[in-house]
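Read through the structure below, which is laid out as structure tokens, and then see the notes.
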Amino acid sequence: MTATTGRLLPDECRDWLRALADDLIPAAAPMPSAAAAGIDSGQLDIVLRVLPDLVDDLLRAWRATAGLPSGVALKQLSQLDEAGHQAVLLAVAGSYYTNRTVRDLLGYTGQQPRTVQIAEDIDEDLLLRVVERGPIYREA
């Protein structure tokens, strides 16, 4: 974590990731690109707090490909550093889908409780016997 910003990645690494992100998730009406969705800001920090093991892989990938055009960097990572490449993909996708505008455009409201109705043609007595019996399984 950098001392001045409290962020898990330095600003230069975030700039690099933003450039790669737009190659991975370009704008397509009505959806914003990854950079336009602000993946390099607070959303990235949410992802990295949940998946802190991505930080080392992202830093290594950044150091190895900084200065390369984004398409070249992504190709090089996919060929030479699978863990770094996967970290980039997961960080970008996770950050993108934490954006409220993106979720609203997709119509995703999050996990909601739902009541399940048992179909009328199912014999509830049969189900009750299974529940009362408890789990039956064989160790594999």
Side-chain angles (χ1 to χ4, degrees):
M1 197 179 315
T2 60
T4 57
T5 63
R7 295 170 143 189
L8 297 168
L9 295 176
D11 289 340
E12 298 83 2
C13 183
R14 289 168 184 275
D15 294 342
W16 166 83
L17 190 59
R18 184 183 328 106
L20 297 183
D22 263 358
D23 272 5
L24 294 170
I25 305 176
M31 303 302 292
S33 70
I39 66 100
D40 57 321
S41 62
Q43 296 153 206
L44 178 59
D45 294 322
I46 292 168
V47 171
L48 295 179
R49 282 190 190 96
V50 173
L51 299 169
D53 54 315
L54 293 181
V55 173
D56 289 340
D57 290 332
L58 288 171
L59 289 171
R60 185 184 64 253
W62 165 54
R63 289 182 186 116
T65 62
L68 294 176
S70 58
V72 174
L74 286 167
K75 184 173 183 176
Q76 182 173 325
L77 286 172
S78 72
Q79 294 172 345
L80 303 176
D81 184 357
E82 183 60 28
H85 186 246
Q86 289 299 316
V88 167
L89 299 179
L90 188 55
V92 168
S95 299
Y96 186 73
Y97 291 112
T98 61
N99 179 288
R100 181 167 306 283
T101 301
V102 169
R103 290 193 320 264
D104 289 347
L105 287 167
L106 292 171
Y108 179 68
T109 58
Q111 296 178 354
Q112 304 287 323
R114 296 183 185 174
T115 302
V116 177
Q117 299 294 327
I118 297 176
E120 292 179 18
D121 60 337
I122 293 179
D123 184 349
E124 289 187 43
D125 289 332
L126 288 176
L127 292 177
L128 185 58
R129 283 188 268 168
V130 172
V131 170
E132 288 173 348
R133 178 193 69 211
I136 296 176
Y137 60 91
R138 214 178 332 170
E139 293 289 333

Over all heavy atoms of both residues, which pair between [X] and [Y] is shortest? Give the atoms and the distance, please.
X: Ala83; Y: Arg60; result: CB-NH2, 3.7 Å
X: Val47; Y: Gly94; result: CG2-C, 3.4 Å
X: Leu59; Y: Cys13; result: CD2-SG, 4.3 Å
X: Tyr96; Y: Ala34; result: CD1-CA, 3.7 Å

* Asked: For Arg63 and Asp81, what are the C-alpha separation, side-chain angles and deciding distance, and is it a salt bridge (charged side-chain N to carboxylate O under 4.0 Å, His left out)?
  -> CA-CA 12 Å; Arg63 289 182 186 116; Asp81 184 357; over 6 Å; no
* Asked: Taking atom CZ of Arg133 as the centre, does the number of heavy atoms from other residues, nucleotides or ligands within less than 6.0 Å exceed 12?
  -> yes
* Kindly check if the number of other-residue, nucleotide or ligand heavy atoms within 6.0 Å of CD (Glu139) is above 12? =>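 No - once you tally the heavy atoms of other residues, nucleotides and ligands closer than 6.0 Å, there are 12 at most.
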Between [atom1] of [X] and [atom2] of [Y], what distance do you get to the nearest 0.5 Å?
X: Leu20; Y: Asp15; atom1: CG; atom2: CG; answer: 11.0 Å
X: Gln43; Y: Tyr97; atom1: CD; atom2: OH; answer: 12.5 Å
X: Leu77; Y: Gln86; atom1: CG; atom2: CD; answer: 10.5 Å
X: Asp45; Y: Ser95; atom1: CG; atom2: OG; answer: 8.5 Å
X: Gln76; Y: His85; atom1: CD; atom2: NE2; answer: 11.5 Å

Could you check if a side-chain atom of [X] sits within less than 4.5 angstrom of a side-chain atom of [Y], using non-hydrogen atoms only?
X: Glu132; Y: Leu128; value: yes
X: Trp62; Y: Arg14; value: no
X: Val88; Y: Leu24; value: yes

Group every Ile, Leu, Val, Met, Phe, Trp and Tyr by side-chain heavy-atom contacts under 4.5 Å, then state whether [X] and [Y] land in the same group.
X: Val92; Y: Ile46; answer: no
X: Leu58; Y: Val72; answer: no
X: Val50; Y: Leu54; answer: yes

* Salt-bridge criterion met for Asp40 and Arg18 (N-O under 4.0 Å) -> yes
* Asked: Under 3.5 Å, side chain of Thr65 to main-chain N/O of Leu68, donor-acceptor pair present?
  -> no
* Just by distance, do the side chain of Asp23 and the backbone of Gly71 share a donor-acceptor pair under 3.5 Å? ->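 A pair under 3.5 Å: yes.
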* Asked: Just checking, is any N or O donor in the side chain of Ser70 or Trp16 under 3.5 Å from an acceptor N or O on the other one?
  -> no
* Only one of Leu8, Leu17, Ile39 clears side chain to side chain contact (heavy atoms under 4.5 Å, CB included) with Leu44; which? ->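 Only match with Leu44 under side chain to side chain contact (heavy atoms under 4.5 Å, CB included): Leu17.
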* Result of checking Thr98, Leu106, Asp104, Leu105 against Val102 for side chain to side chain contact (heavy atoms under 4.5 Å, CB included) -> Leu106
